[in-house]
**Student:** 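Starting off with a structure, shown below.
Keep in mind that the numbers below use all heavy atoms, side chains included, and drop hydrogens, waters and symmetry copies. Source: prediction; values computed, not measured.
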Amino acid sequence: SYRVRFDFPNGCFRTFYFNAYQNTLNPSLIVLNPIVCGNPGSIEVQNIPSSGYEFSLSPSGPFQSSPTFTGLSIPNNYTVFIRQNNGLSTACLYDASTVLSSFDFDFDVIKNDIECSGDKGSITMRVTNGLPNYEFNISNAATGLNLTHNSSQSTYTFENLDSGTYDILITGFNGLCMYSEIITIDELPPLDLNLILENNITCLDGSIRLIASGGTTNYNFAISSVNG
């Protein structure tokens, strides 16, 4: 509380009393949604009363009644200015800042074909520069297979897959980012080996020729004697 006294030349005086208050407003600015795969982001002022204030991205306005700003398509360091509703032009301005980032997901799908008879294939899906949560889906219309895996991890592998064509779908950050691809798992021809005797042992060493086919190249060959 304060008191002001005015003294006049004729000896009279007047006294006025008034109170001075400090506004303890301490606003914060948070990112509601970053800019994801070209979808605009949003920010919001928090730690403020539910009414009585207005907000702007510029100290000179225009001001709006909502503490939320949407449709932000440029990653930047944003500052929101806050003042009391219907205040004087000289009213105090409060501000809060935050960084709005942009994320453009990168997707990678890797397949492992069936290399040997009786084996199974696999498909690995990977997301980089992304934001969880992720949904990985694989389907095969011919067999009716339809599998979905939800995870906070950015990599997942579907194993024990037969040969065939698979539809791949990856979604991230509440479905704002999506990637699809068609992958075919091939079953390689069985590994086969033919042996051809070229020369019997005479006064010179004998020789044989091995011919491999199927399986996965490159081939490695080895030979050992049965009877030592």
**Student:** For Ile208, I'd like to know if atom CD1 has over 12 heavy atoms of other residues, nucleotides or ligands within 6.0 Å.
**Tutor:** yes
**Student:** Can you check whether Pro62's main-chain N or O pairs, donor with acceptor, with Ser56's side chain at less than 3.5 Å?
**Tutor:** yes
**Student:** May I ask you to test the Thr128-Asp108 pair for a side-chain heavy-atom distance under 4.5 Å?
**Tutor:** no
**Student:** Do Asn199 and Leu204 make a side-chain contact, defined as non-hydrogen atoms from C-beta onward lying under 4.5 Å apart?
**Tutor:** no
**Student:** Using atom types as modelled and distance alone, determine if a side-chain donor or acceptor of Asn140 lies under 3.5 Å from a backbone N or O of Thr165.
**Tutor:** yes
**Student:** Which atom names give the shortest non-hydrogen contact between Asp186 and Asp113, and what distance separates them?
**Tutor:** N-OD1, 2.9 Å
**Student:** With a 6.0 Å cut-off on the ring centroids, do Phe6 and Phe16 count as close?
**Tutor:** yes
**Student:** Please test Leu145 against Asp162 for side chain to side chain contact (heavy atoms under 4.5 Å, CB included), starting from the C-alpha separation and ending with a verdict.
**Tutor:** CA-CA 11 Å; Leu145 177 74; Asp162 295 322; over 6 Å; no
**Student:** Test: ring-ring contact (aromatic ring centres under 6.0 Å, His included). Region: residues 91-128. Which pairs qualify, not counting sequence neighbours?
**Tutor:** Phe107-Tyr179
**Student:** What distance separates Gln64 CD from Phe69 CZ, expressed to the nearest 0.5 Å?
**Tutor:** 4.0 Å
**Student:** What do the steps show when you test Asn146 against Asn137 for side chain to side chain contact (heavy atoms under 4.5 Å, CB included), and what is the final call?
**Tutor:** CA-CA 7 Å; Asn146 194 324; Asn137 178 264; 3.0 Å; yes
**Student:** Nearest 0.5 Å, what's the CG-CG distance between Leu100 and Leu72?
**Tutor:** 6.0 Å
**Student:** Walk me through it: do Met125 and Tyr156 pass the test side chain to side chain contact (heavy atoms under 4.5 Å, CB included)?
**Tutor:** CA-CA 5 Å; Met125 307 179 194; Tyr156 186 74; 5.6 Å; no
**Student:** Taking the side chain as every heavy atom from C-beta outward, state whether Val127 and Phe136 have any atom pair closer than 4.5 Å.
**Tutor:** yes
**Student:** Rounded at 0.5 Å granularity, tell me how far SG in Cys92 sits from CD1 in Ile82.
**Tutor:** 12.0 Å
**Student:** Give a yes or no answer on whether the side chain of Lys111 reaches the backbone of Thr184 with a donor-acceptor pair at less than 3.5 Å.
**Tutor:** yes
**Student:** Quick check for you: to the nearest 0.5 Å, what is the distance between Tyr78 atom OH and Ser97 atom OG?
**Tutor:** 12.5 Å
**Student:** For Leu195, is the CG atom crowded, meaning more than 12 foreign heavy atoms sit under 6.0 Å from it?
**Tutor:** yes
**Student:** Does Asn26 offer a backbone N or O that forms a donor-acceptor pair with the side chain of Asn47 under 3.5 Å?
**Tutor:** yes
**Student:** If you measure from SG on Cys12 to CG on Asp7, what distance do you get to the nearest 0.5 Å?
**Tutor:** 10.0 Å
**Student:** Taking Ser151 for the side chain and Gln153 for the main chain, is one N or O donor matched with an acceptor at less than 3.5 Å?
**Tutor:** yes
**Student:** Judged by atom type as modelled, is there a donor-acceptor pair below 3.5 Å linking the side chain of Asn194 to the main-chain atoms of Ile211?
**Tutor:** no
**Student:** Hydrophobic clustering (ILVMFWY, side-chain heavy atoms < 4.5 Å, transitive) - are Phe81 and Val31 grouped together?
**Tutor:** no
**Student:** State which residues pass disulfide (SG to SG under 2.5 Å) with Cys37; sequence neighbours excluded, sorted by chain then number.
**Tutor:** Cys177
**Student:** How close do Pro67 and Ile48 get, heavy atom to heavy atom, and via which atoms?
**Tutor:** CB-CD1, 4.1 Å
**Student:** Please report the shortest heavy-atom distance between Pro59 and Leu93, naming the atom on each side.
**Tutor:** O-CD1, 3.7 Å
**Student:** Membership question, hydrophobic clusters at under 4.5 Å side-chain separation (ILVMFWY): are Leu176 and Tyr134 in the same one?
**Tutor:** yes
**Student:** Kindly give the heavy-atom pair with the smallest separation between Phe55 and Ser66, and that separation in Å.
**Tutor:** CD1-O, 3.3 Å
**Student:** Do Thr68 and Glu44 get their side chains close enough for a donor-acceptor pair, meaning under 3.5 Å?
**Tutor:** yes
**Student:** Tell me if the CG atom of Asn19 is crowded by more than 12 foreign heavy atoms within 6.0 Å.
**Tutor:** yes
**Student:** What heavy-atom pair brings Pro27 and Asp95 nearest, and what distance separates the two atoms?
**Tutor:** CG-O, 4.2 Å
**Student:** Evaluate the side-chain proximity of Glu181 to Ile183: yes if any heavy-atom separation is below 4.5 Å, no if none is.
**Tutor:** yes
**Student:** With rounding to the nearest 0.5 Å, note down the distance linking OH in Tyr166 to CG in Leu147.
**Tutor:** 9.0 Å
**Student:** Give a yes or no answer on whether the side chain of Asp119 reaches the backbone of Ile114 with a donor-acceptor pair at less than 3.5 Å.
**Tutor:** no
**Student:** Answer whether the closest heavy-atom distance between the side chains of Thr15 and Val4 falls below 4.5 Å.
**Tutor:** no
**Student:** Restricting to non-hydrogen atoms, name the atom on Pro34 and the atom on Leu131 that form the minimum distance, rounded to 0.1 Å.
**Tutor:** CG-CD1, 3.5 Å
**Student:** Near Phe8 CZ, under 6.0 Å, is it more than 12 heavy atoms from other residues, nucleotides or ligands?
**Tutor:** yes
**Student:** Just wondering, are more than 12 heavy atoms of other shown residues or ligands nearer than 6.0 Å to CZ in Phe13?
**Tutor:** no
**Student:** Taking atom CG as the centre, does Asn77 end up with more than 12 heavy-atom neighbours from other residues, nucleotides or ligands that are less than 6.0 angstrom away?
**Tutor:** yes
**Student:** Counting neighbours of CD1 on Ile74 that are heavy atoms of other residues, nucleotides or ligands and sit closer than 6.0 Å, is the number greater than 12?
**Tutor:** no
**Student:** For Leu25 and Tyr53: C-alpha separation, side-chain torsions, deciding distance, then whether side chain to side chain contact (heavy atoms under 4.5 Å, CB included) applies.
**Tutor:** CA-CA 11 Å; Leu25 188 70; Tyr53 289 89; 3.6 Å; yes
